[in-house]
Structures are given as structure tokens and as C-alpha cells.
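To keep things clear, I will list the structure first and then write my remarks on it.
Start at 1 and go down the list; that is how both ligands and their atoms are numbered.
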Amino acid sequence: MNRINFLDLGYQPLANNYLNKNNKNKKEKKYRLKVCFNKITKVVSIEKTFSSKMMFNNRYPYRSSMSKTMIKSLKNLSKLIKKKYKPKKILEIGSNDGAFIKNFKKNEIIGVEPCANVETITKKLKYNTYPEYWSKKLSKKILKKNGAVDLIYSANTISHIKDLNEVFLAINIILKKDGVLILEDPSLLECLKRNTYDQFYNEHIYVFSAIALENILKKYNLGIFKIDKLSIHGGSNRYFIKKIANKRKINKSTNIHKKNEINYGLENINTYKKFANRVKKSKNQLINLFDKLRKKNKKIIGYGATAKSTTILNYCNISTKSIDYFLDTTKDKQNKFTPGTKIPILKYKGFIEKDVNYIFLGAWNFKDEIFKKENIFIKNGGKFIIHTPKPKII
Ligand code: TYD
């Protein structure tokens with residue numbers, strides 16, 4: 001066996017399976033969430049995976065446009081793409097509610113988004129979007145209708161798809177010989193450094209390192225030519241990829257990044273075992289922190305009912321005994337309950353109730369944006385609880 005299990009996050013429900021009043025008291029399906037390291041390819045992935053249809057369907061609640069940070073990041077990227085690569089035709093895999101494609105003219109860009117409830121948002125805006133899963137079949141269909149594309153962008157999507165063989169074969173079908181593929185996903189290096197074990201949940205099959213991604217890409221004659229480090233989603237990498245036959249220069253950021261990963265030990269199982277020990281410690285510290293505050297009768301709420309927080313809440317057994325409710329701006333999550341732990345999710349009305357003492361940051365990856373927004377709560381002495389790099393009050 002090339003895959004070694006190094007982290008056990010216990011029984012977990014599907015991370016985005018928010019409960020409603022009707023199914024809240026029914027028995028929920030839970031699955032053991034274990035994380036593995038492949039000794040040969042260096043790929044880190046979860047052990048048990050689910051069909052895309054179970055997770056990405058017409059009830060999918062996630063919306064890219066929910067954060068200003070995200071919108072700004074995509075706007076800046078669009079400017080860079082236009083200036084540097086001047087693409088005539090772009091394809092986005094996982095176009096969600098259009099946060100990226102809206103930066104381009106309608107005849108310049110094609111979106112692929114299998115969650116029909118989300119895809120309809122961009123369809124209504126008259127963008128050319130396909131409500132289908134990314135596959136060779138779809139790639140051929142788009143190629144026939146629109147021709148080959150100059151640039152493909154995909155953020156926080158490839159890491160959700162188990163069959164990477166299908167993904168890259170489909171990309172190779174439609175990407176021009178001198179085309180550019182830009183992938184953006186959370187960085188494994190940052191995940192380990194920051195102890196953000198909540199990057200692992202059933203939708204998030206892979207958390208990539210550059211070395212692992214390169215091992216995957218070379219099978220399809222693709223290679224990384226540049227890596228940008230991003231602060232988005234708790235530390236992500238933006239990989240610029242080309243067909244190997246293309247003569248585009250390899251930027252030095254590629255090797256610097258790979259070296260950093262190797263120096264940190266991402267090729268070595270012991271690094272992952274040490275991480276797993278830190279995660280166990282983090283769990284105990286978070287539980288103790290909540291217990292201490294509750295004993296003092298402090299009122300604690302959650303902010304951002306993220307898929308990531310599903311992992312934390314279920315792994316640490318945090319329920320309504322610790323957190324009264326979550327606030328979230330996403331309509332499809334409001335008046336529902338967190339998967340597994342059944343904490344109510346309420347609509348964010350633009351302020352924090354006066355009686356709240358502490359806020360557990362489920363959306364810790366948008367900390368700066370949220371701190372700015374909640375300056376009154378902070379001024380009035382309100383505090384936040386965060387689990388990264390270790391559980392603490394800030
Ligand atoms: P996110 O961290 O992007 O993803 P995931 O679910 O994949 O872990 O989710 C952020 C959540 O936080 C989303 O449900 C919207 C919510 N949110 C707020 O409620 N208020 C805010 O100010 C921000 C930035 C996010």
C-alpha cells in the first residue's frame with residue numbers, strides 16, 4: 001500500500017449538508033474521515049470519497065460572491081489575465097455564482113457549474129454556462145461549439161473532484177497548445193503550518209502541495225511555470241500551468257516554492273504524523289477553552305457556518321452546549337442547522353446582539369474582513385475565538 005493513514009478526524013456528516021426543521025431530528029449519515037499520504041506521489045487526500053452527485057447538486061449552498069475579499073481577489077486576477085495573456089476565449093471550471101466570469105465580456109468566457117441552483121444565477125445574466133460536471137464528454141461538446149480556449153481557470157474545484165485523470169484529459173482536449181491553465185487551491189504547506197485541519201472535509205478530497213500537483217500533472221504532459229502565494233482561504237497557491245511542449249519560461253517562484261515544501265518535510269510521512277499530534281492537542285485546547293468560558297456563563301456564538309467548521313465542530317463535539325447559534329450571510333444556510341452538531345444558523349442582520357461575549361470564527365479565513373465589519377463589537381469589548389494556529393481568544 002502506497003497510501004498511509006495519518007489523521008483520523010472521527011465520524012463526520014457531509015460538510016455542506018445543512019439540516020432543516022424537518023430532517024433535523026432524523027438520524028444523519030456519518031462517515032469516518034481519515035486523511036492519507038501517498039508515499040510515491042506525495043498526494044494528500046481523504047480516504048473515503050463520495051460521488052459528486054451526493055455533494056454537488058441543486059441544493060449546493062456555497063456562493064463565491066459572499067466575501068468582498070474573494071471578489072477583490074478575482075477582480076485583480078482578471079486584470080492580470082487580460083494584461084499578461086490577452087486571451088480571446090476563457091473557460092472556468094466551477095464558475096459558481098459568477099464571481100470570476102463577471103469580470104469578462106459575455107463572448108469571452110464560458111462557465112461550467114454542475115450545481116444547477118447556482119448555475120442559473122449566471123445563466124440569467126446571459127453568460128454562456130453549462131450546468132454539467134467537468135468531463136471529457138463536456139469538453140468535446142464545448143470544443144465543438146466554441147473552439148479551443150486560450151486560458152482555463154479553476155479555483156477551489158479540482159480539489160473536490162476524485163477522478164483527476166478525467167479532469168486533466170478533459171483539459172487537454174480543449175486547451176490550446178500555447179494555452180495557460182490556472183489552478184487555485186488551499187496550500188498543504190500553509191495547512192500544516194497553521195494547523196488548519198478543517199481544510200479536510202468530505203468535499204475536499206485533496207489538499208495539494210506543488211510537488212504533489214506536479215507529479216499528477218506530468219502524466220498529462222502539463223507542468224507548472226509559476227506559483228503565486230495567496231492569503232485567500234487561509235493560504236492558497238495559484239498555479240500557472242502550461243503544456244510541457246510549450247516553450248514558456250519557468251518562473252523562479254516554481255522552484256522556490258517546491259524547495260520550501262521539501263525543506264518543511266512535505267515528502268516525509270513523519271511531518272504528517274507530527275501534524276496529526278498537533279491536531280489532537282488543538283482539539284483538547286479548543287474543548288477546554290469553550291468549557292472554561294461556558295463555566296463563566298459567557299455567551300458564545302459562531303460566525304460563518306463554513307464547510308470547514310463542520311470538521312471542527314464534529315471532531316471536537318461542539319454543540320449548542322457551547323455555541324448558541326451561528327450567523328451567516330448565505331441565504332441557503334439561514335434558518336438551518338449545522339450538520340452533525342445541529343447548531344441553529346441565523347441570518348446576519350448587520351450587527352452582533354449586545355449580549356454576545358465571544359464569537360467563534362468559523363470563517364477564520366476571512367478574519368480581516370470580518371474584524372473590519374465588526375469593529376463595534378470589538379470596541380465594546382467583544383472577543384473572538386479562533387483555532388488557528390492554535391486555539392486562542394483574540
Ligand atoms: P468559506 O470559508 O468560503 O468556505 P467553506 O464553506 O468552503 O469552508 O465560507 C465562508 C462562509 O462564511 C460563508 O457561508 C459566508 C460566511 N460569511 C459571513 O457570514 N459573513 C462574512 O462577512 C463572510 C466574509 C463570510
(request) Without swapping roles, check the side chain of Thr310 against the backbone of Lys308 for a donor-acceptor pair under 3.5 Å. (result)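 Between the backbone of Lys308 and the side chain of Thr310 there is no qualifying donor-acceptor contact (under 3.5 Å).
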(message) Test your reading of the model: is there a side-chain donor-acceptor pair from Lys383 to the backbone of Asn357, 3.5 Å cut-off?
(response)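 Not confirmed, Lys383 side chain does not pair with Asn357 backbone.
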Distances under 3.5 Å, N/O of ligand 1 against N/O of the protein: list each pair and its distance.
residue  : atom   : partner : partner atom : Å
ligand 1 : 2 (O)  : Lys308  : NZ           : 2.8
ligand 1 : 2 (O)  : Asn365  : OD1          : 3.3
ligand 1 : 2 (O)  : Asn365  : ND2          : 2.8
ligand 1 : 3 (O)  : Tyr62   : OH           : 2.9
ligand 1 : 6 (O)  : Ala307  : N            : 2.8
ligand 1 : 7 (O)  : Tyr201  : OH           : 3.3
ligand 1 : 8 (O)  : Ala307  : N            : 3.3
ligand 1 : 8 (O)  : Lys308  : N            : 3.2
ligand 1 : 8 (O)  : Lys308  : NZ           : 2.8
ligand 1 : 14 (O) : Asp328  : OD1          : 3.0
ligand 1 : 14 (O) : Asp328  : OD2          : 2.8
ligand 1 : 14 (O) : Thr330  : OG1          : 3.2
ligand 1 : 14 (O) : Lys333  : NZ           : 2.7
ligand 1 : 19 (O) : Thr329  : N            : 2.9
ligand 1 : 19 (O) : Thr329  : OG1          : 3.2
ligand 1 : 22 (O) : Lys373  : NZ           : 2.6

(request) Give a yes or no on whether a salt bridge exists between Lys136 and Glu166, defined as a side-chain N under 4.0 angstrom from a carboxylate O. (result)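 So Lys136 pairs with Glu166 through a salt bridge.
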(message) Check this for me: does any side-chain nitrogen of one of Lys229 and Glu190 sit under 4.0 Å from a carboxylate oxygen of the other?
(response)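 Yes, charged N to carboxylate O under 4.0 Å.
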(request) Please work out whether the ring planes of His387 and Trp364 are parallel, tilted or perpendicular, with thresholds of 30° and 60°. (result)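 Ring orientation, 0 to 90° scale: perpendicular.
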(request) Applying side chain to side chain donor-acceptor pair (under 3.5 Å), name anything that partners Asp150, two or more places apart in sequence or on another chain. (result)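 Counting only residues at least two positions away or on another chain, Asp150 forms a side chain to side chain donor-acceptor pair (under 3.5 Å) with Lys176.
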